[in-house]
Amino acid sequence: FPVTIDGTRMYIVGTTNDRIYQYSLSTPYDVSTASFVNFFAFGTTVVDPSALHISSDGTRLIVLGGSADTVYSYTFGTAWNVTTLTYNSKSFSVTTQEATPLGLAVKPDGTKFWIVGTTNDTVYEYTMSTAWDLSTAAYASVSLSVTGTGDATPAGIAWNSTGTVLMVFGTTTDQIFSYSVPAPWTVAGGTQDVGSGSAFGSIPVETVSSMNGFYFVPGTKNFYLVDV
């Protein structure tokens, strides 16, 4: 669930009503000051949305629909305003790689995205030859297994701002695990970091009993969790 870099807006998707919800934060980054603004209903286009990404300029949305194992793209008529969203009629199925996709991450420039799910416990990498255009998406034949070294039910992923560390959260242990990669913005050759309870390795989240989403704000030390 993205939080804008200035910390004044927050977005969450829900599977009960298949909607994206927009909130404002009167104090930046402080969720205790959040207030509901509006929502957008995906209708029958996106069923069981489980993850989303909004471009840094607030004009593009990519959302993962768990029911159809498919990624969909939308545009904002007015930046950051969910009531102005329109479907681009462009989508990409990831079912060949993962039958239960739950997590999504997108490279800031819109040329790559990654999904993770609980069928194979693996992060899969995809490219878009035209930035943000899912009609040009293709599986990159690159993946990173998180089975055994992390959590049996990985449900979300996020990159650090430089693309050198990938965070994976799991719902079995309610922990966030980090993986370092030898080259930025690709999971090829990634390895789990060693350590516990620090910025690297694994972070136990004792106060959250059932994580369903998380987000690291680019360029900051802030991250957020959704507990269902």
Side-chain angles (χ1 to χ4, degrees), residues 1-2 11-22 38-55 58-77 82-107 110-147 151-159 166 168-172 187 210-215 226 228:
F1 67 109
Y11 302 82
I12 296 175
V13 287
T15 58
T16 299
N17 297 313
D18 299 330
R19 295 174 175 177
I20 176 174
Y21 299 90
Q22 179 180 340
N38 221 316
F39 72 88
F40 174 82
F42 293 112
T44 58
T45 303
V46 183
V47 179
D48 292 338
S50 59
L52 74 156
H53 178 90
I54 299 176
S55 60
T59 62
R60 302 176 181 90
L61 167 72
I62 291 182
V63 59
L64 173 61
S67 179
D69 310 330
T70 297
V71 180
Y72 304 85
S73 67
Y74 286 74
T75 57
F76 289 84
V82 296
T83 64
T84 67
L85 281 169
T86 56
Y87 178 43
N88 293 334
S89 297
K90 295 180 180 180
S91 62
F92 184 82
S93 174
V94 298
T95 192
T96 301
Q97 290 77 45
E98 175 58 57
T100 316
L102 294 175
L104 167 75
V106 181
K107 189 178 178 184
T111 60
K112 282 187 175 183
F113 67 92
W114 299 261
I115 63 99
V116 70
T118 57
T119 298
N120 297 320
D121 302 336
T122 296
V123 179
Y124 295 96
E125 183 171 304
Y126 303 82
T127 60
M128 287 180 278
S129 56
T130 298
W132 304 104
D133 187 346
L134 286 174
S135 69
T136 68
Y139 175 47
S141 297
V142 176
S143 62
L144 172 65
S145 173
V146 295
T147 302
D151 191 289
T153 52
I157 49 177
W159 288 96
L166 178 71
V168 180
F169 86 73
T171 58
T172 297
V187 297
S210 182
M211 283 193 290
N212 187 250
F214 85 126
Y215 184 71
V226 175
V228 296

request  = Using a 4.5 Å cut-off on heavy atoms from C-beta on, say whether the side chain of Phe40 contacts that of Asn38.
outcome  = no
query = Backbone N or O of Thr130 within a donor-acceptor pair of the Thr136 side chain at under 3.5 Å?
reply = yes
key: Side-chain (Glu125) to main-chain (Lys112) donor-acceptor, under 3.5 angstrom   = no
query = Between OG1 of Thr122 and CD of Gln97, what distance do you get to the nearest 0.5 Å?
reply = 10.5 Å
ask   = How far apart are the C-alpha atoms of Phe76 and Tyr74, what are their side-chain angles, what is the distance that settles it, and do they pass the ring pair (Phe, Tyr, Trp, His ring centres under 6.0 Å) test?
value = CA-CA 7 Å; Phe76 289 84; Tyr74 286 74; 9.0 Å; no
query = Taking side chain as C-beta onward, heavy atoms only, is Ile62 less than 4.5 Å from Met128?
reply = yes
note = Distance col, row Leu52:CG vs Tyr11:OH, nearest 0.5 angstrom, shows 10.0 Å
query = To the nearest 0.5 Å, how far apart are OG in Ser141 and OH in Tyr124?
reply = 11.0 Å
Approximate separation, where rounding is to 0.5 Å, of Leu85 CG and Thr59 OG1 = 10.5 Å
inquiry  = Let's go through Val94 and Tyr139 carefully: what are the C-alpha distance in whole Å and the side-chain angles of both, what is the deciding distance for side chain to side chain contact (heavy atoms under 4.5 Å, CB included) to 0.1 Å, and is it a yes or a no?
reply    = CA-CA 8 Å; Val94 298; Tyr139 175 47; over 6 Å; no
ask   = Taking atom CH2 of Trp114 and atom CG of Leu144, what is their separation to the nearest 0.5 Å?
value = 12.0 Å
task = Compare all side-chain heavy atoms of Thr119 with those of Glu98 and state whether any distance is below 4.5 angstrom.
result = yes
message = For the CG atom of Asn120 and the OG1 atom of Thr147, what is their distance to the nearest 0.5 Å?
response = 8.0 Å
ask   = Any idea which heavy atoms bring Pro154 and Leu102 closest together, and the distance?
value = O-CD1, 4.2 Å
ask   = Quick one: does Val63's side chain get under 4.5 Å of Ile20's, heavy atoms only?
value = no
remark   = On a heavy-atom basis, the closest approach of Val116 and Gly156 is CG1-N, 3.9 Å
Over all atoms of both residues, closest heavy-atom pair of Thr111 and Ala131 = CG2-CB, 4.1 Å
request  = Would you mind telling me which of Leu104, Ile157, Asp69 makes a side-chain contact (heavy atoms from CB on, under 4.5 Å) with Ile115?
outcome  = Leu104
key: Smallest separation among heavy atoms of Thr127 and Ala140, with atom names   = CG2-CB, 4.1 Å
ask   = Is there side-chain contact between Val13 and Phe42, with heavy atoms separated by less than 4.5 Å?
value = yes
ask   = Where do Ser50 and Pro101 come nearest, in terms of heavy atoms and distance?
value = OG-O, 3.7 Å
key: Residue pair Lys107 / Trp132: nearest heavy atoms and the distance that separates them   = O-CH2, 4.2 Å
ask   = Does a side-chain heavy-atom distance below 4.5 Å link Val46 with Asp18?
value = no
query = Hey, are the side chains of Tyr72 and Thr45 touching, using non-hydrogen atoms and a 4.5 Å cut-off?
reply = yes
inquiry  = Can you tell me how the ring of Phe39 sits relative to the ring of Tyr21, calling it parallel under 30°, perpendicular over 60° and tilted otherwise?
reply    = tilted
